[in-house]
**Q** 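Let me give you the structure first, and then I'll get to my questions.
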Amino acid sequence: MESKIVYRYSARALAALVVAGFLGFLLWGMLHREPITGLSGVTRVNRPAPNFKLTTFEGTMISLSDLRGQPVIINFWASWCPPCRIEAPLIERTWRAYKDRDLVFLGINIQDRKEDALSYMREFDITYPNGPDPSGEIAIDYGVSGLPVTFFVSGKGEVVRRWVGAIENSVMTRAIEEIMP
């Protein structure tokens, strides 16, 4: 009988210890962690834009560091992405309106086949520089976890704004005003 009581109290003590340990670990994690945005693109805002080298579909090598001094819009997209298809005409129209004002647009195609990406570019008559990110390294460096996502980089090389989802004209206009000198 005494051994059953000891066993019952030991089992309860062990369960309480496990629960207390879990709660303690949870509390420690909440107090000693990175911001909830962790390595996401949100943490890129108000920080230097990660440098990258992009080989466009035409074979031109573009390095973000070479564009220092110019505001840059970086758009991550894929041909199979419905919101990307919604925003594509607006991005192209905006590029055409600003291309003579020293505003650089870069499209970065991810998780796509080259043929599909080129077909998409023909369909939407996209003329600003675009290239694939076959290894996903650029997307990872920018914390891209969904498509489309657009980053607005100032001439100082700092990410000023990030937009996830199909961008609207009013958002695009405000963001451009923020990065233009």
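Each residue takes its place number in the sequence, starting with 1. None of the values given here were measured: they were computed from a predicted structure.
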**Q** Flag the pair Glu158 and Lys156 as a salt bridge only when some basic side-chain nitrogen lies within less than 4.0 angstrom of an acidic carboxylate oxygen.
**A**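 No salt bridge links Glu158 with Lys156.
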
**Q** Parallel, tilted or perpendicular for Phe76 and Phe151, by the 30°/60° rule?
**A** perpendicular

**Q** Looking at every non-hydrogen atom in both residues, tell me the closest pair between Asp116 and Ser79 and how far apart they are.
**A** CB-OG, 3.3 Å

**Q** Looking at every heavy atom in both Gly165 and Glu87, which two are closest together, and how far apart are they?
**A** O-OE1, 3.4 Å

**Q** So if I apply the side-chain contact (heavy atoms from CB on, under 4.5 Å) rule between Val164 and each of Val149, Thr150, Leu147, Val144, which one comes out positive?
**A** Val149

**Q** Hey, mind stepping through Trp77 and Asn130 against side-chain hydrogen bond (donor to acceptor under 3.5 Å, both in side chains) and telling me if it holds?
**A** CA-CA 10 Å; Trp77 62 276; Asn130 272 270; 2.7 Å; yes

**Q** Test side-chain contact (heavy atoms from CB on, under 4.5 Å) on Ile108 and Asn75 and set out the steps.
**A** CA-CA 6 Å; Ile108 301 179; Asn75 178 254; over 6 Å; no

**Q** What's the shortest heavy-atom distance between Trp80 and Gln111, and which atoms?
**A** NE1-O, 2.6 Å

**Q** How close do Ile86 and Ala166 get, heavy atom to heavy atom, and via which atoms?
**A**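 In this case the closest contact between Ile86 and Ala166 is CG2-CB, 4.0 Å.
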
**Q** Check Ile179 against Pro71 and note the closest heavy-atom contact, atom names and distance.
**A** O-CB, 3.4 Å

**Q** Counting distance only, does the side-chain N/O of Tyr120 pair as donor-acceptor with the main-chain N or O of Cys84 below 3.5 Å?
**A**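 Present.
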
**Q** Flag the pair Arg96 and Glu92 as a salt bridge only when some basic side-chain nitrogen lies within less than 4.0 angstrom of an acidic carboxylate oxygen.
**A**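 Between Glu92 and Arg96 there is a salt bridge, with a charged N closer than 4.0 Å to a carboxylate O.
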
